[in-house]
Amino acid sequence: MTKYIPILKRTQLFAGVDEDEISTMLDCLQAKLFTYKKGEYVFRQGEHLSCIMVLLEGNLHIQRDDYWGHRSIINIIGVGEMFGEAYVAPDSGAILNDVIAKEDSTVIFFDVKKILTVCSSSCKFHSIVVQNLFFDISEKNRKLLQKLGHMSSRSTREKLMSYLSEEAKKQKSSSFSIPFNRQQLADFLSVDRSAMSKELCKMRDDKLLIFEKNYFTLLL
């Protein structure tokens, strides 16, 4: 677990905590490591959680399939990102989505009660982690509102323009890569892949953008 401390140091959850203190806190918080092969489920819809998790290696998708097999990608979890916090409150109920490893992945689990309860040794950085947890949840809510903004657009073109514009702003460049292939982007925006691909070609013909696979350049 020691080799992952530099990664944890860069996470929002442990922001402001020294590496030596993180090492001590991992014991205090009874952290556990789990590994998953590509395609394995970390969690399935209907399970109950008592932990929050941080991805240390790999890539995870939070997704949902309906009765007819239509898939929606709710979110992508990258290295250093936390997940599961929405379901650890006593009355949160079962999780609504699946969490799947899109490549071989390593996840660290923290019992939320251990985080929220100051230990007997009274680590001075424990309160910082609790504060960071709150800030991280706030940031997740902001990103959810961003996605709702994309989804509220009426047409496929409007959804694409909303999402790609937001990515350009986030990456501070008119040229950027997105973390989706075509099917994943369609699932994320809840649109038909074929219709979305046709719309992208129309947008290219209208000189709004150019693209190559998942690399886009927005044009003025």
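Computed from a predicted model, the values in this text were never measured in an experiment. Numbering of residues begins at 1 and proceeds along the displayed sequence.
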Sidechain-backbone polar pair: Asp206 side chain, Leu208 backbone, donor-acceptor under 3.5 Å: no
Sidechain-backbone polar pair: His126 side chain, Ile115 backbone, donor-acceptor under 3.5 Å: yes
For Asp18, salt bridge (Lys or Arg N to Asp or Glu O under 4.0 Å) partners two or more places apart: none
Leu33 and Thr106, any side-chain heavy atoms less than 4.5 Å apart: yes
Flag side-chain contact, heavy atom, 4.5 Å: Phe176 against Tyr215: no
By side chain to side chain donor-acceptor pair (under 3.5 Å) - contacts of Thr217 (at least two apart): Ser175
Distance-only polar pair, side chains of Ser153 and Glu158, donor-acceptor under 3.5 Å: no
Ile74 vs Leu96 side-chain heavy atoms within contact, under 4.5 Å: no
For Arg10, side-chain contact (heavy atoms from CB on, under 4.5 Å) partners two or more places apart: Pro6, Ile7
Side-chain heavy atoms of His70 within contact of Asp65, under 4.5 Å: no
Residue pair Met82 / Thr11, side-chain heavy-atom distance below 4.5 Å: no
Residues that Asn75 engages under side-chain contact (heavy atoms from CB on, under 4.5 Å), provided they are two or more places apart: Ile62, Ile77
For Phe216, ring-ring contact (aromatic ring centres under 6.0 Å, His included) partners two or more places apart: Phe211
Residue pairs fulfilling salt bridge (charged side-chain N to carboxylate O under 4.0 Å, His left out) with at least one residue in residues 81-106, sequence neighbours excluded: Glu81-Lys143, Glu85-Lys140
Heavy-atom side-chain contact between Leu8 and Leu56 under 4.5 Å: yes
Ser165 side-chain N/O to Ser162 backbone N/O, donor-acceptor pair under 3.5 Å: no
Phe188 and Phe180 aromatic centres sub-6.0 Å: yes
Side-chain donor-acceptor distances from residues 36-53 under 3.5 Å, at least two apart:
unit_1	atom_1	unit_2	atom_2	d
Glu40	OE1	Lys37	N	2.6
Glu47	OE2	Arg44	N	2.7

Qualifying salt bridge (charged side-chain N to carboxylate O under 4.0 Å, His left out) pairs with a residue from residues 167-187, counting only residues at least two apart or across chains: Glu167-Lys170
Non-hydrogen side-chain atoms of Tyr163 and Leu185 separated by less than 4.5 Å: yes
Non-neighbouring partners of Ala31 that pass side-chain contact (heavy atoms from CB on, under 4.5 Å), sequence neighbours left out: Met1, Leu26, Ile108, Phe110
Smallest separation among heavy atoms of Gly58 and Ser105, with atom names: CA-OG, 3.5 Å
Set of residues satisfying side-chain contact (heavy atoms from CB on, under 4.5 Å) with respect to Asn181, sequence neighbours excluded: Gln183, Gln184
All side chain to side chain donor-acceptor pair (under 3.5 Å) counterparts of Arg154, not counting sequence neighbours: none
Side chains of Leu13 and Asp136 in contact at under 4.5 Å (non-hydrogen atoms): no
Test side-chain contact (heavy atoms from CB on, under 4.5 Å) applied to Leu60 and Val79, Ile100, Val107, the passing residue: Val107
Considering all heavy atoms, the nearest Lys9-Val17 contact: NZ-O, 2.9 Å
Between side-chain atoms of residues 196-203 and protein atoms elsewhere (two or more places apart, or another chain), which donor-acceptor pairs fall under 3.5 Å?
unit_1	atom_1	unit_2	atom_2	d
Ser197	OG	Arg193	O	3.1
Glu199	OE2	Arg157	NE	2.7
Glu199	OE2	Arg157	NH2	3.0

